[in-house]
2 protein chains.
Amino acid sequence: MINKKKTTIKDIASVLNISPAAVSKALHDDSRISTKTKEAVKKVAKELNYQPNHLASALRRGKSNLVGVIVPRTNSNFFSSVIQNIEEVLNKEGYNIIITQSNESYKKECSNIDTLLFTQVDGIIASMANETISLDYYEKVKSKGIPLILFDRGENDLNVDYIGINDYESSQMIVEHLVEQGCKRIAHIGGYRRTRIFNNRIKGYVDALKKYDLPLDESLLIESSLTLEDGRDKMMQLLNLKNRPDAVYVAGDYAALGALQILNENNINIPNDIALIGFGNEPFTAMVTPTITSISQHSTEIGKLAALTFLERVNNPEIKQTLNKKILDAELIVRDSSNVKKL
Amino acid sequence: MINKKKTTIKDIASVLNISPAAVSKALHDDSRISTKTKEAVKKVAKELNYQPNHLASALRRGKSNLVGVIVPRTNSNFFSSVIQNIEEVLNKEGYNIIITQSNESYKKECSNIDTLLFTQVDGIIASMANETISLDYYEKVKSKGIPLILFDRGENDLNVDYIGINDYESSQMIVEHLVEQGCKRIAHIGGYRRTRIFNNRIKGYVDALKKYDLPLDESLLIESSLTLEDGRDKMMQLLNLKNRPDAVYVAGDYAALGALQILNENNINIPNDIALIGFGNEPFTAMVTPTITSISQHSTEIGKLAALTFLERVNNPEIKQTLNKKILDAELIVRDSSNVKKL
DNA sequence: AACGTTTAAGCAATCGCTTTCAAGTAAATA
DNA sequence: TATTTACTTGAAAGCGATTGCTTAAACGTT
């Protein structure tokens, strides 16, 4: 039968007639061990198919080399791309990641945090659920003294690292672009105001209108959960206005898709009757008809930066955790849904 | 300052003047401990904000309560849904999952396996990368004696558990449906033959043609990587035939989307000129114009079954690992791209 | 020749928790 | 009263790897 007993450093030690301690040191290229012994140890280790017991070393060193990642869902191009880049950077440094999903639920997010703390992760990188308002649980993480890095959804007053894009500026770019297309009545289906990033997008929208001398019509500024369904509802609401908008900027791609469906179903010409812009640059924005203009959030950079920020923290525990915002510039990807000239 | 020293069972023990052993037992509701002591222990544990050290108990018990999951990518509705359901079932049983992505690369998949073994996972649930042919690495997992469960991509000769849908039958359903729509020249853009599931789809397609007395035209049966790009290329290839097909069944939704783009770009009426069917029921199939008929793979059930299968294995280690296929029936979701009658 | 320095490896204590076995106490039985 | 029996708890031995402290030998230096 197959040998199921795992080989330990003790086994290697007894083969070579040296102590387990020497084996451990040899495997870590400790300078106190001779090259000859090191080679012998490594050779035997390979022969016995030795696999270090991560749990034991983690216990001893008080480090699990595991990093927890919390995202609202993995089923989104943005998050899965962020995750992939976090993983790439951290794997190189010997860390593994544990991914958990909150499904936009605060309760699930809390239990995720518990799970991760229970697993003795060395740090947590998270993007908060839409629902999340209370920060108790994140305070808990902070109080454990392990690095906490937030991205995208998570700008906050927790005094921890944050990585995101410039939402305010993004809104400005969008409005500017729409104005260039000749739009005068620009609506905004925004996210929940209590979420910082959505609030920033709203602020950017409002200020941009002011900048271009466009009146702010309260009926054109709508708060939404930004799901596909709600995008449909809110778009319908806009269509029912006596004075319809000539452009709609939706703060999320899924909701933008819902809006697009309503427009198509009502045979409204996009972008000539109403131009449409989303946010997030999900792949489907380039797949639907017409393709949807959107904002790219630089998921690659965000992921890498988040990972690097964690590494910085974990390698310099003496530096006190403080607010450290890294804000990236976003990019407007112009597609058919807002490209009036082209049509 | 915040108390960063973690409380251990020793701390609780010393507060109550009992032994750490008693505390351990009390926390596990061991019958040998009096109710009074248990209550006292739990109260103190809460007061001291005790969090069990997972590493220590895992080391001691030789179980990490971690399950590794390997998927080609999380950025797909199918996989992310499977993952979510695996997580749901396993969390209830006290397991956490570590998700890794292979990005369809065999090399990455191997390193993922190494990572997971290193992390001392109690089992691995995986769907193999497209590239994966050699099974050495999975043999390695098997030889470690930890449960290995494969799903979707992974039907194999490894003699391990496998959960998937009935690909052969799915193809039959698709062809049957197309025949009902009046199609006579049905093309199939299939996946790589070496991958069992794609081969099964091809077989189902071929046999179904026979069943309905349709001739098998080799130029209508194409092997593809099933990426969006390749879907475009292969669709183009079909359009260039002297004798075009009147229906195309694509073995993957992304490639089907590519095909749809080409058809739209060439102003070919879907489904009247050419009907189109995908596979996987990715959300975007319901978002594009026209919506794409596709096969739902019951990701929910697959995830749950995979998790339950793992639990069965891990709770009955005495039962030898054997081939144990669980094949679910798939469901055809008819949409505009193949609904001739409706238009 | 005497002593300090390097180099190479071992010893033993931990990390925090679990588990077996024995022991102590109280209650029950003979 | 003596002996079981049941019930609680404690002591101690690890799980496997790491690490500070020693030791022992080899090497140099006056």
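Just so it is clear, the model here is predicted, and its values are computed rather than measured. In what follows, chains carry the letters A, B, and so on, assigned in the order in which the sequence lines appear, proteins first and then strands, with residues in each chain numbered from 1.
For the pair B:S34 and D:dT9, the criterion of a side-chain N or O lying under 4.0 Å from OP1 or OP2 is met. Contact between the side-chain N/O atoms of B:T37 and the OP1/OP2 oxygens of D:dT8 is not found at any separation under 4.0 Å.
Remark: P of D:dT8 and NZ of B:K36 are 10 Å apart, rounded to the nearest angstrom. Taking atom NE2 of residue A:H28 and atom P of nucleotide D:dT19, one finds them 7 Å apart after rounding to whole Å. When rounded to the nearest whole Å, the span between CD1 of A:I18 and P of D:dT23 equals 21 Å. In this structure, B:K63 places its NZ atom 16 Å from C1' of C:dT19, rounding to the nearest Å. Here the P atom of nucleotide D:dA6 and the CD1 atom of B:I33 are 18 Å apart, to the nearest Å. In this structure, B:I12 atom CD1 and C:dC17 atom C1' are separated by 12 Å, rounded to whole Å. Distance, B:D11 CG to C:dC15 P: 11 Å, rounded to whole Å. Counting to the nearest Å, the P atom of C:dG10 and the CG atom of A:L16 are 10 Å from each other.
A side-chain donor-acceptor contact under 3.5 Å links B:S299 and B:S81. Between the side chains of A:N103 and A:S105, no donor-acceptor pair of N or O atoms lies under 3.5 Å. With no hydrogens or angles considered, no side-chain donor-acceptor pair links A:T309 and A:D161 at under 3.5 Å.
Looking at heavy atoms from C-beta onward, B:T37 lies out of side-chain contact with B:L16 at the 4.5 angstrom threshold.
Residue A:K25 places its side chain closer to D:dC21 than to any other of D:dC21, D:dT9, D:dG10.
Residue whose closest nucleotide on DNA chain D sits further toward the 5' end, between B:R32 and A:R32: B:R32.
Classification of the A:F118-B:H54 ring pair by plane angle, with boundaries at 30° and 60°, yields tilted. Ring pair A:F78/A:F151 is tilted by interplanar angle, where 30° to 60° counts as tilted.
Judged by distance alone, with hydrogens and angles left aside, the side-chain atoms of B:Q120 form no donor-acceptor pair with the main-chain N or O of B:S64 at under 3.5 Å.
Residue contacts shown for B:N17 are limited to sugar-phosphate atoms, with no base heavy atom under 4.0 Å away.
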Every protein N/O lying under 3.5 Å from an N/O of nucleotides 12-16 of chain D:
| residue | atom | partner | partner atom | Å |
| --- | --- | --- | --- | --- |
| D:dG14 | N2 | B:R60 | NE | 3.4 |
| D:dG14 | N2 | B:R60 | NH1 | 3.1 |
| D:dC15 | O2 | B:R60 | N | 3.3 |
| D:dG16 | N2 | A:A56 | O | 3.2 |

